[in-house]
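When reading the values below, keep in mind they use all heavy atoms of this one structure, side chains included, and skip hydrogens, waters and symmetry mates.
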Amino acid sequence: MPSVLDQQRSAPPAGTARPAPPRRRTRLLALPETRWALAALALFLLALPLYLLDGPPWLWGTLFAATYVTGGWEPGWEGIKALKDKTLDVDLLMVVAALGAAAIGQVLDGALLIVIFATSGALEAVATARTADSVRGLLDLAPTTATRLLPDGTEETVGTKQLAVGDIVLVRPGERVGADGRVLDGASDVDQATITGEPLPVAKQAGDEVFAGTVNGTGALRVHVERDPSDSVIARIVKMVEEASETKAPTQLFIEKIEQRYSIGMVIATLAVFAVPLAFGATLSSALLRAMTFMIVASPCAVVLSTMPPLLSAIANAGRRGVLAKSAVVMERLGQIDTVALDKTGTLTEGTPRVTDRRPLPDSGLDEDALLALAASAEHPSEHPLARAVVTAARERGLSLSDTEGFSSTPGQGVTATVGGRTITVGAPARLLNGDAHQTVVAELEEAGRTAVVVVRDQVAVGVLGIADRLRPDAAATVAALTRLTGHTPVLLTGDNERAARHVAAEVGITDVRAGLLPQDKVAAVKEWEAQGRRVLVVGDGVNDAPALAAAHSGIAMGKAGSDLALETADAVVVRDELATIPSIVQLSRTARRLVIQNLAIAGTFIAVLVAWDLIATLPLPLGVAGHEGSTVIVGLNGLRLLRETAWPRPTKDTA
């Protein structure tokens, strides 16, 4: 009885164009926080020139009032709801301070405060929505249907959620594997980069494990389902990212960590400043004026600006260097890290296989170029990543490729074609020949971390090609710089094999290598370090890195080849894939934190002096406003220093 697999071997190759799954992405204006923030900003910008140019008070007054309503109602309402839980947050305090400023004629100050807080809330909502989008989009990696084989040999198409342990599914060429399981029959190359991050497809045959969501190559596979779809590796990645995003401690800026005490203290003090003089015979107007003056000078406007300008300036400076930090909180946290975990493929390396060695064998009559041209001619019709690497190398050297006839590809073994009347086979050493003429060269290349590809002409080996994922030129310098910054040598976390991982680690100066890891293994390593009190920075690019990026204290994704999930889950993105910018952004974050502390000292000094003046003597309102605004300007300008070109840390000579 013919096998179902035999009937599928003529199916179209894996490279056949297939429609991409729709990308699920929340529109910015679909978020109410964004709509309200934009409305508040627009109204403020309309009112500002009218106010500064002495326009009609009724007009700019109406526009400012609308700014207060559109930008302040939501944080105000949230603050009121928080009061029900006996919590006083700084959002409500800012709204009250803005209204207090308006009550004594400082309408512009209050409106500006409202716009700042509305914009901050909108940015936080956008970041949350983007992460949720990327997690939902990950589900598109797993197919929605699978071909289940019935006991009588017939096929039926079912939803992958209907699959159960023990079912047999058929995976045709180019399809995604529908469930985690083990191959019963067939052979193929499977691209499982989404799970392990390996740069090259992995040969699969009977007895090998396969994962849901990975892409089958040119062969057909019959797979025995060994895990329920809800417990597949891809499903667990989704779950881990969601859990890590939810359990990651609510990130707050330094000043927000004391907001509860400050808010309660300021409210109590303002009420006391109003009530005590009134109880001792002061007039209502004088008591109210003193209380409002106190609220203005004690308002944390300068404290808030102590934090934001340095961090926002650092974000802008980093953005000009190709590093996107997603929020001020991210910029603050990057400077706190003391341990770095790096992915291999696509992070330390470029993620694209390239021909590194050309070794013609003695008596073959071939030189290096002739060997490469012969292999490229045979590989030219193939769409396998190794074949593309060989063809690309030949084209880069300007070599002419010969016409081929009778091309065939055997999954896990290689390709065979007739070139110039001779049979040429290119493929894996272990599956082509049993002789030892080429084994010494193969062993040398594999020991050096290369993938060896043997070129056979008429059943005789004529040469070996070495193929490897090329190391990024700044990888070693980056590892050295991160070692100095954190006091610990970075750790290599990778799903790739041990030999390839250790070879790359040796080249860049890493000694702690953890290879062959699945996504949950990377998360476990991060949690182990965090439990020891370390603050871990994870740098990666793939779907398999996303759970670790979410679980870590900070996560940075490589932008060019990074998966959507990694880019959305990470706290920062290296847009141009320049590794050297990672230690620079960490150093810039530490500089920004120092400026924040300086600003807090300046703001605290101004507040203490002005408050003492208002309580001990009588602080004139204009002077109080001037002092308050003066401190705001000073801390703002101090923070803007990080916008300068010279503020970006540059590599020192010993790290270049």
Side-chain angles (χ1 to χ4, degrees), residues 26-80 89-130 292-293 295-297 299-309 311-313 315-316 319 326-328 621-622 624-626 628-637 639-640 643:
T26 302
R27 292 180 296 108
L28 293 181
L29 293 181
L31 300 171
E33 294 90 348
T34 304
R35 295 197 298 270
W36 288 117
L38 287 175
L41 178 61
L43 290 166
F44 178 80
L45 294 177
L46 287 174
L48 182 61
L50 295 173
Y51 178 83
L52 296 177
L53 298 175
D54 295 326
W58 65 268
L59 182 55
W60 56 256
T62 301
L63 291 172
F64 275 136
T67 301
Y68 279 74
V69 172
T70 54
W73 80 267
E74 192 166 40
W77 179 246
E78 291 299 322
I80 291 173
D89 63 25
V90 76
D91 287 356
L92 181 60
L93 188 61
M94 287 297 94
V95 172
V96 172
L99 294 175
I104 59 174
Q106 305 300 318
V107 181
L108 177 61
D109 292 345
L112 179 59
L113 198 57
I114 288 291
V115 169
I116 289 174
F117 267 76
T119 303
S120 175
L123 291 175
E124 182 177 351
V126 168
T128 301
R130 286 290 184 258
M292 286 297 98
T293 302
M295 176 174 282
I296 292 297
V297 298
S299 170
C301 297
V303 175
V304 172
L305 286 177
S306 296
T307 304
M308 295 305 290
L311 297 175
L312 293 178
S313 297
I315 289 174
K326 295 184 179 180
S327 70
L621 179 60
V625 172
H628 175 265
E629 296 304 319
S631 65
T632 302
V633 171
I634 290 173
V635 298
L637 292 177
L640 293 177
L643 285 173

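Closest heavy-atom contact between Ala40 and Thr70: CA-OG1, 3.4 Å. Between Leu63 and Ala47 the shortest heavy-atom distance is CB-CB, 3.5 Å. Taking all atoms of both residues into account, the shortest heavy-atom contact from Ala66 to Leu43 is CB-CD1, 3.5 Å.
A heavy-atom distance below 4.5 Å is found between the side chains of Trp73 and Trp36. Using a 4.5 Å heavy-atom threshold, the side chains of Leu46 and Leu50 count as separate.
Under the rule for a side-chain contact (heavy atoms from CB on, under 4.5 Å), the partners of Leu108 that lie at least two apart in sequence or sit in another chain are Phe44, Leu48, Tyr51, Phe64. For Trp77, there are no ring pair (Phe, Tyr, Trp, His ring centres under 6.0 Å) partners at least two apart in sequence or on another chain. With sequence neighbours left out, Pro56 forms a side-chain contact (heavy atoms from CB on, under 4.5 Å) with Trp58, Leu59.
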